[in-house]
Amino acid sequence: MAELPKAYTPRDVEGEIYERWLAADVFAPDGAGSTADPRLPTFTVIQPPPNVTGSLHLGHAQRTAVEDLMVRHARMRGHAALFLPGLDHASIAAQFVLDGILAKEGLDRQSLGRERYLERMRAFSDSTRHVILDQQRRVGASADWGRLRYTMDDGSAKAVRAAFERLYRDGLAYRTEALVNWCPGCRTSVSDLEVIATPETGTLWSIRYHLIDEATGRPEPDGTITVATTRPETILGDTGVAVHPDDPRYTALVGRRVRIPFVGRDVPIIADDVVDPAFGTGAVKITPAHDHDDHATGLRHGLAVITILADDATIAGTGTPYDGLDRYEARRRMVADLETTGDLVSSIPHEMVIGRCQRSDDVIEPRLKTQWFIRTQPLAARALAATREGRTSILPERFEKTWEHWLTDIRDWNVSRQLWWGHRIPAWYCPDGHVTVSAAEGGPEACVVCDRPAAELAQDPDIFDTWFSSGLWPFSTLGWPDATSDFERFYPTAVMETGYDIIFFWVARMMMLGLHLTGTEPFHAIYLSGLIRDPQGQKMSKTKGNVVDPLGVIDESGADALRFALIHGATPGNDQRFGTVKLENARNFANKLWNAARYVTGARPVSLAADIERRLPDARHLGPGERWLLSRAAATTVAVDAAMADYAFGEVTRLLYDAIWNEYCDWGLELAKVRLTDESLPAEAREATWWTLVDVLDTYLRLLHPVMPFITEALWGAIPHRASDPGLLIVARWPGVVEQDLLIEAQVGALIDLVTEIRNARSSARLPAAAWLETQAVVSPALGPAFEALRPAIERLARARPLHRALTPEALHAASRPGDLAVIVGGGEIEAAVRPTAVDDGTEALERDRLEHDLAEAEGWLAAARERLANEAFVARAPVRVVDAARAREAELADQVARLRDRFER
RNA sequence: GGGCGAUUGGCUCAGUCGGUUAGAGCGCACGGUUCACAUCCGUGAGGUCACUGGUUCGAAUCCAGUAUCGCCCACCA
């Protein structure tokens with residue numbers, strides 16, 4: 001038992017506690033300090049590995065808090081609980097950061113070259129990796145640091161190679177030339193998910209193309225067809241013009257040819273029902289190499305595919321003066337040139353949607369490239385089956401619809417990236433173009449087709465999309481593809497927690513890859529967190545300057561307050577606004593708990609030694625207050641268990657806040673104080689009271705530990721323990737369920753109401769707070785013993801002394817005088833007359849006002865209750881239970897009204 | 001264009017399966033130097049649960065529609 005400092009200073013508490021946990025080796029499910037029960041299933045939480053170059057923001061903090069809460073809860077329940085920490089190399093994001101740093105040094109990727117660039121990246125990431133890990137520790141993450149993994153470590157590399165080889169062998173990875181999303185800024189292709197549809201106002205140009213006179217082979221000066229386009233520069237790649245087959249304006253032109261401006265190419269006019277006759281001119285230029293729609297149309301009609309853009313999105317290879325110009329400069333000049341020739345018919349503003357790069361914000365250019373793809377439909381089917389069959393559940397449920405929709409309409413996943421930082425694609429090509437995919441660490445020994453030696457093979461220069469390696473995370477971190485003991489023991493995992501914003505990027509990919517590669521769903525539950533927003537509901541961003549630094553918060557208010565506040569507002573899938581108000585509330589709660597514990601430890605009866613071993617309170621000496629506290633703790637335990645089972649972590653914090661502040665502190669401690677200081681009681685009784693306070697505090701500290709691990713650990717260290725308890729709360733057992741005592745709860749509840757009503761009467765009558773009030777009370781016979789036992793406490797809390805007990809209402813009425821304040825509890829279990837020591841006229845008037853108000857209110861409720869019961873349909877059709885409750889309510893209200901009226905009319 | 005969500009006292013949010021008088025924190029009003037806590041204690045005011053219609057004995061809760069706000073998905077040049 002440690003002495004508690006008077007003031008709660010989270011900083012002092014938290015640093016020291018984390019070190020103690022580490023020293024005790026309790027984070028690892030198989031660590032020296034583990035108390036896991038081998039008969040229980042393991043419990044593993046998957047967290048999204050943060051970027052190796054990143055630092056903690058509030059979103060991380062919330063997720064870490066939620067993940068840690070689940071792990072701590074499971075650990076206390078005896079499961080071998082694994083919170084596996086990790087880092088992600090974040091290919092494109094990390095390159096973006098490093099490129100920024102290089103730019104300040106006047107360097108760039110290209111001038112460094114691949115090898116030197118990667119060296120820089122390794123050095124850079126080595127220098128930043130500790131940052132976010134340290135920050136997670138500050139939040140209190142009870143992660144098994146010995147199992148720390150990184151998506152660029154050898155294990156991940158092996159998993160990546162094995163996964164790709166397997167997918168290739170199974171026909172689920174293929175290489176083909178296709179139109180991909182090309183980011184000219186990042187100089188790489190990106191997946192469909194990384195293209196952000198951005199509404200913009202562009203221009204719709206109408207341009208005349210001249211028909212070819214087939215007799216002469218020359219364009220007709222007056223025979224034209226007008227096409228509408230938002231991208232005139234792609235004229236250079238046009239290989240057709242399309243119209244709707246049923247469009248009477250153009251029926252005669254289908255099959256004819258037109259000459260493309262600038263390039264002098266003659267292309268056919270085709271009919272295809274993708275064309276909307278109502279849009280633009282009803283005639284569309286077709287550029288198969290630079291537009292997804294046109295590509296498909298071109299394929300249907302056998303049109304040529306002509307690429308006109310280089311990797312940096314300059315015009316290239318068209319043999320026109322526009323070669324070498326950026327696409328937008330080329331566009332500007334071409335429009336001007338068309339105007340000169342008289343073939344520009346019109347230009348009007350046009351609302352459109354532009355695809356931009358998620359990372360660099362550049363306009364994405366569809367480009368033809370030979371790349372690796374993952375065939376997703378068969379994989380998606382298995383992922384859908386897993387959720388439909390309930391092997392994996394999604395929280396909140398509504399995201400199942402989003403999930404269904406995306407996985408049903410899924411398109412193949414382009415996994416090649418023309419970047420350097422990441423896993424190189426394990427595919428080799430021989431001079432004859434044969435493809436060899438190999439998972440071997442050193443690559444293949446020879447071409448699988450023609451047996452040429454490795455020396456003659458060239459490895460694909462591309463790397464994988466960073467999400468490919470993250471998609472293997474739940475099993476690559478446990479040793480897959482090897483059948484390690486960790487993989488056997490902890491896979492599949494229990495819960496995967498992440499933000500709903502990466503459900504497709506990450507969650508869906510883990511499910512698809514996990515199901516195919518391991519044969520099992522990688523997790524049984526998907527818990528989707530919401531986003532943290534500022535108090536105005538805005539997204540937090542550096543540019544807006546509304547970012548809250550969690551480390552600053554921890555320094556000031558403590559990790560416990562931060563965790564409590566974040567978890568308090570966490571409803572799965574819902575964003576939360578977060579600001580100082582919530583934080584203050586959480587900090588105040590921590591302070592309250594600290595002081596309550598300080599009171600309890602300081603109130604130990606002198607008959608008990610300071611280092612005494614924990615005892616159960618002696619049942620023979622329990623008073624109503626003690627029994628009430630024990631019963632309420634049992635009720636709270638049941639409620640917390642239910643909320644935990646529902647992943648309703650916000651509800652857990654609310655339940656514990658109420659139980660600790662409004663029950664334990666406000667009433668439990670206040671009732672106990674009287675007994676603890678009552679020298680007339682036997683020592684055994686005072687000891688029983690104290691042991692009750694200790695017992696209930698112990699229960700609440702355990703229940704609260706997953707939310708506020710530091711302060712609960714510190715306080716738990718200050719109360720007596722059993723010899724069988726472990727040394728630290730983090731590995732102590734979660735409270736078991738104890739039966740409630742509903743009778744005592746009702747009785748003490750009525751006495752609490754009596755105190756509240758007397759206080760109310762005092763306040764309404766504007767009597768001085770310090771004045772003692774003489775009070776007479778009639779108490780229902782059932783309440784008698786509890787009333788007598790708690791009388792001293794009620795006197796003190798209500799400041800009513802002496803508190804007489806009249807045996808009958810008649811006696812009470814006979815004794816009461818004008819000016820007495822009337823107090824009626826509930827349905828009349830208690831009726832009391834409160835007498836101010838000095839009555840003046842004002843008091844009496846105020847009391848009449850209060851009575852009148854109460855009477856009117858009670859009469860209103862009574863009328864409503866009677867109306868309800870007067871409804872025959874209600875009595876006939878509602879369940880008996882509900883009708884009985886309504887009748888009881890009516891009787892109670894009738895009694896209350898009668899008593900109030902009696903008082904009022906007297 | 002499709003889909004999803006939100007709308008509850010001044011503010012931020014709970015509200016499980018439809019069932020007593022819809023809860024909390026902050027804020028507000030009034031009152032408090034009682035030996036755990038002023039980061040506190042006590043009392044109180046404040047809500048036609050966005051709107052309309054329906055189902056039901058009974059609706060904040062279920063259904064349909066409307067409005068406002070937000071998000072996701074989407075190849076109309």
Side-chain angles (χ1 to χ4, degrees), chain A residues 4 6-8 197 204 227-231 234 242 274-276 278-281 283-287 291-296 350 352-353 355 366 396 398-399 401-402 405-406 409 500-501 503-504 531 535 537 557 568-569 571 573-579 581-582 584-585 587-603 642-643 646 648 650-651 654 657-658 662 665-666 669-670 673 677 756 759-764 766-770 796-797 799 857-858 860-861 864-865 868 871-879 881-883 885-886 888-890 892-893:
Chain A
L4 288 175
K6 184 164 169 31
Y8 166 57
L204 185 67
V227 298
T229 182
T230 55
R231 305 201 51 197
T234 62
V274 290
V275 180
D276 174 5
F279 186 88
T281 61
V284 189
K285 59 193 270 318
I286 302 295
T287 321
D291 182 278
H292 287 102
D293 274 345
D294 291 4
H295 190 74
H350 179 61
M352 52 197 281
V353 174
R398 69 185 137 88
F399 276 93
K401 283 194 177 178
T402 316
H405 181 253
W406 192 75
D409 294 338
Y500 64 75
D501 52 333
I503 183 169
F504 306 136
L531 271 42
S557 307
H568 185 83
T571 309
N574 283 4
D575 295 352
Q576 72 161 310
R577 298 180 189 205
F578 191 84
V581 173
K582 289 183 180 181
E584 271 174 29
N585 191 232
R587 189 204 49 190
N588 293 352
F589 177 57
N591 187 64
K592 184 75 179 177
L593 177 64
W594 181 271
N595 280 294
R598 211 160 58 81
Y599 168 75
V600 172
T601 54
D646 284 350
E651 183 64 12
R654 285 183 281 278
Y657 185 98
D658 276 353
N662 302 328
C665 292
D666 287 352
L669 293 186
E670 296 306 324
K673 276 175 185 173
T677 54
T756 303
R759 285 168 171 175
N760 178 351
R762 172 204 301 277
S763 181
S764 300
R766 300 189 191 279
L767 298 174
R796 173 172 152 161
L797 296 180
R799 247 181 138 62
E857 206 170 40
W861 286 324
R868 194 173 180 212
N871 181 352
E872 284 171 28
F874 171 72
V875 179
R877 305 178 81 158
R881 178 180 56 84
V882 174
V883 177
R889 176 76 194 138
E890 192 233 311
E892 193 177 293
L893 283 166

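Considering only side-chain N and O atoms, Lys673(A) lies under 4.0 angstrom from the phosphate OP1 or OP2 of rA36(B). For rC72(B), the OP1/OP2 oxygens have no side-chain nitrogen or oxygen of Lys401(A) closer than 4.0 Å. Side-chain nitrogen and oxygen atoms of Asn595(A) include none within less than 4.0 Å of the OP1 or OP2 phosphate oxygen of rC40(B). Side-chain nitrogen and oxygen atoms of Thr287(A) include none within less than 4.0 Å of the OP1 or OP2 phosphate oxygen of rA77(B). Contact between the side-chain N/O atoms of Lys592(A) and the OP1/OP2 oxygens of rC41(B) is found at a separation under 4.0 Å. Look at Arg577(A) and you'll find a side-chain N or O under 4.0 angstrom from OP1 or OP2 of rC13(B). Proximity of Arg877(A) to the phosphate of rC57(B): a side-chain N or O atom is located under 4.0 Å from OP1 or OP2.
In a base pair of the Watson-Crick type (N1 to N3 plus N6-O4 or O6-N4) or a G-U wobble (N1-O2 and O6-N3), with each distance short of 3.5 Å, rA36(B) is matched with no nucleotide. Nucleotide rC57(B) is matched to rG19(B) when pairs are restricted to Watson-Crick or G-U wobble geometry with both distances under 3.5 angstrom. Searching all strands for a Watson-Crick or G-U wobble partner of rA77(B) with both distances below 3.5 Å returns nothing. Pair check for rC71(B) finds rG3(B); Watson-Crick or G-U wobble, both atom distances under 3.5 Å. The partner of rG44(B) is rC28(B), judged by Watson-Crick or G-U wobble contacts that both fall below 3.5 Å. In a base pair of the Watson-Crick type (N1 to N3 plus N6-O4 or O6-N4) or a G-U wobble (N1-O2 and O6-N3), with each distance short of 3.5 Å, rA64(B) is matched with rU52(B).
Atom C1' of nucleotide rG3(B) and atom CD1 of Ile503(A) are separated by 14 Å, given to the nearest angstrom. Note: CG (Asn574(A)) to C1' (rU7(B)) measures 13 Å, nearest angstrom. Asp276(A) places its CG atom 17 Å from the P atom of rC75(B), with the value rounded to the nearest Å. Note: CZ (Arg796(A)) to P (rC41(B)) measures 15 Å, nearest angstrom. As a whole-Å value, the separation of Leu669(A) CG from rC40(B) P is 16 Å. Distance, Arg799(A) CZ to rU43(B) C1': 15 Å, rounded to whole Å. One atom, CZ of Arg654(A), and another, C1' of rC13(B), lie 8 Å apart when rounded to the nearest Å. The CZ-C1' distance, from Arg759(A) to rU43(B), rounds to 9 Å in whole Å.
Between the side chain of Arg759(A) and the backbone N or O of Leu797(A), at least one donor-acceptor pair lies under 3.5 Å. In this structure, the side chain of Lys582(A) engages the main chain of Arg577(A) through a donor-acceptor pair within 3.5 Å.
Comparing rG58(B) with rC13(B), their C1' atoms sit 27 Å apart, to the nearest whole Å. As rounded to the nearest Å, rU55(B) and rU61(B) have C1' atoms that lie 14 Å from one another. rC40(B) and rC35(B) have their C1' atoms separated by 15 Å, given to the nearest Å.
Here the OG1 atom belonging to Thr402(A) is positioned 11.0 Å from the OH atom belonging to Tyr500(A), to the nearest 0.5 angstrom.
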Exercise for review: Evaluate the criterion salt bridge (charged side-chain N to carboxylate O under 4.0 Å, His left out) for residue pair Glu651(A) and Arg654(A); output intermediate values, then yes/no.
Suggested key: CA-CA 5 Å; Glu651(A) 183 64 12; Arg654(A) 285 183 281 278; 3.4 Å; yes
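Using cut-offs of 30° and 60° on the angle between ring planes, the pair Tyr8(A) and Trp594(A) is tilted.
Judged by distance alone, with hydrogens and angles left aside, Glu670(A) brings a side-chain donor or acceptor within reach of the base of rA36(B), the pair sitting under 3.5 Å.
Ion pairing of Glu670(A) with Lys673(A) is present here, as a side-chain N (NZ or NE/NH1/NH2) and a carboxylate O approach within less than 4.0 Å.
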